[in-house]
There are 2 protein chains.
Amino acid sequence: MERNSERRRLPPLNALRAFEAAARHLNFSRAADELSVTPGAVSQQIQNLEDYVGAALFKRTPKGLLLTDAAQTALPALREAFDRLAEAASMLTAAVDGRRLTLTAAPSFAAKWLVPRLGKFEELHPQVDVWLSAGLELVDLSTGEVDIAIRYGAGRYPGLEVSRLIGETVIPVLSPDLQATNPLNTPADLAGHVLLHDGSPEPDDSCPDWTMWLAARGVRGVDGARGPRFNQSSLVIEAAVNGRGVALAKRTLAQADLDAGRLVAPLQIATAVDFAYCVVHPKAKGRLPQVKAFLNWITAEAEAHEAALLALDNGAGI
Amino acid sequence: MERNSERRRLPPLNALRAFEAAARHLNFSRAADELSVTPGAVSQQIQNLEDYVGAALFKRTPKGLLLTDAAQTALPALREAFDRLAEAASMLTAAVDGRRLTLTAAPSFAAKWLVPRLGKFEELHPQVDVWLSAGLELVDLSTGEVDIAIRYGAGRYPGLEVSRLIGETVIPVLSPDLQATNPLNTPADLAGHVLLHDGSPEPDDSCPDWTMWLAARGVRGVDGARGPRFNQSSLVIEAAVNGRGVALAKRTLAQADLDAGRLVAPLQIATAVDFAYCVVHPKAKGRLPQVKAFLNWITAEAEAHEAALLALDNGAGI
DNA sequence: TATAGCGTTTAGAGAACCTAAAGCCCATGC
DNA sequence: GCATGGGCTTTAGGTTCTCTAAACGCTATA
C-alpha cells in the first residue's frame with residue numbers, strides 16, 4: 001500500500017474546477033457559461049479557494065483578469081488533473097456510452113471460432129472496444145459486468161435472452177501426415193491409432209466419447225478409454241493437428257483447421273449432439289447499441305458458417 | 001484556446017474521490033477513515049457514482065470487495081488525477097506553507113548583489129523555493145503576490161515595514177586593461193576617456209552624474225554629457241568591465257567586480273548619495289517563517305558587506 | 001452622459017453531503 | 001449452534017455547500 005498518496009489534503013474540488021475554468025478563460029462569466037452556473041457562483045467559488053489557499057489567485061485589474069504567478073504555475077498541473085479525471089470517467093462510462101462491449105465465451109469457442117472472426121466486427125465498428133473474457137462462468141451476466149455471453153449448452157438460461165447460434169456435431173479427425181502414414185479409412189482402423197479424448201466438463205449426455213462412439217458403431221478390439229485427455233476441446237484439436245492421434249472433435253471448433261488442411265476427416269461420420277452454441281444477454285443490455293450491433297453481426301456470421309458447412313457436406317455426401 | 005478540454009463532462013468530484021479511496025483500500029470503512037467521514041457516507045458516494053456511470057464499480061462478495069474490470073482500468077488514471085490535483089494545490093499554498101519566498105528587487109541590485117549571494121540562503125534553507133522577480137514596480141507588495149521587496153530609494157514606503165540595508169556611493173571605475181593603456185590618475189585624466197553614463201531612472205537628486213561630478217571637482221575641458229548611456233546601473237558596470245570607458249558606478253553594485261579585479265578605482269574618490277537599499281515587506285508577511293528567515297539572513301549579509309567595505313577603505317585611505 | 005461588460009455582494013432557496021442508528025449478511029469461534 | 005464482530009447498506013434528518021437572482025460598483029466606450 002502506497003502511503004504517499006493517502007491523506008492527501010485537497011482544497012474543495014468544485015472550487016478547483018471553477019478556478020481551472022476561470023483561469024482558462026480569464027473571464028468569470030465565460031467560465032460560468034462553461035460550468036452552466038451564474039457568474040456569481042464562480043466568483044464565490046474562487047473566493048472560497050482564495051480563502052483556502054490564503055492568497056489571491058487572480059489580479060483583478062481594470063483591464064481584466066490576470067493570474068498571479070502562483071496560480072499560473074499551478075494551472076498546468078490542474079488542467080492535466082482534470083483531463084485525467086475526464087479520461088477516467090470516460091473509461092467508467094464507456095460501456096454505457098456504447099464504446100465498449102464486454103463478451104464472455106467458453107475458452108475453446110473463443111479461441112477456435114470467435115477470435116478469428118472478431119477482427120471483422122472490429123472493422124465494422126471501430127469505435128467499439130471489445131473486451132473478451134474467456135471462461136466457463138456465467139455469473140458475470142447477472143452482475144452486469146458482461147454484456148454478452150456465448151455459451152455451449154442446452155440453451156436454458158432463465159431470465160436471460162437467448163438465441164441459438166450454431167449446432168454441434170462430433171467427428172473423428174487427424175492430421176494429413178498421420179493419415180498418410182497410418183490411414184484411417186474405416187472405424188476398425190482406429191485400432192491402430194492413439195485416441196485423443198475431450199475431457200471438457202460439460203454435462204451433455206448426447207455428446208459421445210470414444211467409448212460410446214465405438215460401441216455405437218460396433219467396433220471391437222479398441223479400448224475407448226485409453227489415450228491422452230485434455231480439459232479443453234481446443235487442446236484436443238491442437239493435439240490432432242500435431243499428429244498425436246485421432247480426436248473425436250467438435251466440428252465447429254475443428255472446421256477452421258479442416259478448411260486449412262491441417263486436419264482431415266476421412267471417415268466423414270458426423271454425429272449430432274444436443275448442445276449448441278448460444279448467445280445470451282440480460283434483457284436490459286439489449287438496448288445498448290453495441291450489443292445490438294454485435295448480436296446482428298454474430299447471427300449473420302453463424303448463419304454463414306452453417307451454410308458453408310451444409311454446402312461442404314452436400315458436396316462430400318455426408 | 002484549446003477546445004478539447006472545454007465542457008468536460010465530469011461525474012460528481014467528491015464521489016470520484018470517495019471511489020478512489022475505496023478502490024485503493026478495497027474497504028469502505030478504511031476509506032471513510034481516510035476521508036474523515038462515516039462508512040455510510042462512502043457507501044452513498046459510491047452508489048451515487050455507480051448511478052452516474054450506469055454500472056457497478058465494485059463486486060460485493062462475501063469475502064470482501066473486488067473492483068469490476070472497468071473500475072480497475074479507470075483507477076490508475078484516477079489516482080494520477082488526484083495526485084496532480086494535490087500537487088497543484090500544494091503549489092497554490094506553497095507561499096502560505098512557508099515553502100516559497102517571493103522576492104522582487106531592482107534589476108541591477110538583483111544581478112550584481114543579490115543573486116550572487118542567494119545561493120547561501122538557499123543552502124541554509126533548502127526547503128524554501130525562492131522566486132525572484134526583477135523589476136522596478138512595488139505594486140506587487142500590496143497585492144500580496146510578493147513577500148519581500150528590495151528597493152533602492154529614500155526609504156519612504158508608507159504602510160510597509162522598511163529597514164535600511166546598505167548605503168550607496170558612486171565612484172569612477174574602469175577596467176585594469178584600460179587603466180594600463182590609458183591611466184586615470186587624476187580627475188583631469190578623464191578628458192582622454194569615454195564616459196559611461198548611468199541613465200537608470202531613479203529620482204535621486206543627491207546622486208551625481210558625470211556633469212555634476214566634474215563640476216564639483218572643478219574639472220574643465222571635459223564634456224560630461226557625452227558618451228554612451230545605459231538604462232540599468234548594472235549595464236554601465238558591464239560596459240566598464242569590457243573596457244569601453246570610465247563609469248561613475250554605484251559602488252555596491254561594482255564591488256564584486258572590484259574584488260575580482262575586473263575593475264579598478266584608481267581615483268579612490270567615493271561620493272555618498274542619499275538613496276540606500278532597503279528591504280520592504282507588508283507587515284502581515286512578517287509572520288511567515290520564510291520571510292523572517294530571509295530578513296535575518298539579508299540583514300547579516302548587508303552588515304558583512306558594509307564591514308568589508310569599511311575595512312577596505314581604511315586600508316586604502318579613502 | 002448613457003450604455004454595456006464584468007466582477008462582487010447579499011439573502012435565501014435548493015442540492016449535496018454527512019451522521020447516527022438500525023439492519024443485514026456472513027465468517028469465526030466457543 | 002449460537003453469539004460475536006466486521007463490514008456494507010439503508011433511512012431519516014440535520015448541516016454544509018452551492019446556486020440563483022437581483023442590485024451594486026467600476027470601467028471603458030459611444
Side-chain angles (χ1 to χ4, degrees), chain A residues 1 7-53 55-68 71 82 85 89 139 142-144, chain B residues 1 7 9-53 55-68 71 82 85 89 139 142-145:
Chain A
M1 174 86 39
R7 286 233 150 257
R8 270 186 293 248
R9 181 119 199 92
L10 285 176
L13 297 179
N14 291 315
L16 283 180
R17 178 166 46 180
F19 167 64
E20 191 273 337
R24 188 147 33 78
H25 290 113
L26 284 181
N27 180 312
F28 286 9
S29 299
R30 278 202 287 280
D33 277 350
E34 178 182 323
L35 301 170
S36 306
V37 296
T38 58
V42 172
S43 177
Q44 290 175 75
Q45 290 283 29
I46 301 293
Q47 285 185 34
N48 185 9
L49 186 57
E50 289 181 326
D51 287 349
Y52 179 93
V53 305
L57 300 170
F58 290 98
K59 293 178 267 201
R60 281 85 165 169
T61 76
K63 325 278 287 181
L65 294 173
L66 292 174
L67 284 167
T68 63
F82 280 109
L85 278 187
V139 288
S142 60
T143 69
Chain B
M1 174 86 40
R7 288 233 150 256
R9 181 117 197 93
L10 285 175
L13 298 179
N14 291 315
L16 283 181
R17 178 166 46 179
F19 167 63
E20 191 273 335
R24 188 147 33 78
H25 291 114
L26 283 181
N27 180 313
F28 286 8
S29 299
R30 279 201 287 280
D33 277 350
E34 177 182 324
L35 302 170
S36 306
V37 296
T38 57
V42 173
S43 176
Q44 290 176 80
Q45 290 284 30
I46 301 291
Q47 284 185 34
N48 185 8
L49 186 58
E50 289 182 326
D51 287 350
Y52 179 93
V53 304
L57 300 170
F58 289 98
K59 293 178 266 200
R60 281 85 165 168
T61 77
K63 324 279 286 182
L65 294 173
L66 291 175
L67 285 167
T68 63
F82 280 109
L85 278 187
V139 288
S142 59
T143 69
E145 251 222 282

d([atom1], [X]; [atom2], [N]) in whole Å:
X: Lys63(A); N: dT27(D); atom1: NZ; atom2: P; answer: 12 Å
X: Lys59(A); N: dC26(D); atom1: NZ; atom2: C1'; answer: 20 Å
X: Leu26(A); N: dC6(C); atom1: CG; atom2: P; answer: 13 Å
X: Leu13(A); N: dA16(C); atom1: CG; atom2: C1'; answer: 13 Å
X: Leu49(B); N: dC17(C); atom1: CG; atom2: C1'; answer: 15 Å
X: Asp51(A); N: dT18(D); atom1: CG; atom2: P; answer: 13 Å
X: Ile46(B); N: dC17(C); atom1: CD1; atom2: P; answer: 12 Å

### Task
Indicate yes or no: does Glu34(A) engage Arg30(A) in a salt bridge with an N to O separation below 4.0 Å.
no

Any [X] side-chain nitrogen or oxygen under 4.0 Å from OP1 or OP2 of [N]:
X: Gln47(B); N: dC8(D); result: no
X: Gln45(A); N: dT18(D); result: yes
X: Asn27(B); N: dG7(D); result: yes

## Note on the structure
Walking DNA chain C from its 5' end, the first of Asn14(A) and Leu65(A) to be reached, judged by nearest nucleotide, is Leu65(A)

### Query
Across the strands shown, which category fits Ser29(B) at heavy-atom distances under 4.0 angstrom: base, sugar-phosphate, nothing?
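Sugar-phosphate: the residue Ser29(B), judged by heavy atoms under 4.0 Å, touches backbone atoms but no base.
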
### Task
Using the closest heavy atom to pick a nucleotide of DNA chain D for each, name whichever of Pro62(A) or Pro12(A) lands nearer the 5' end.
Pro12(A)

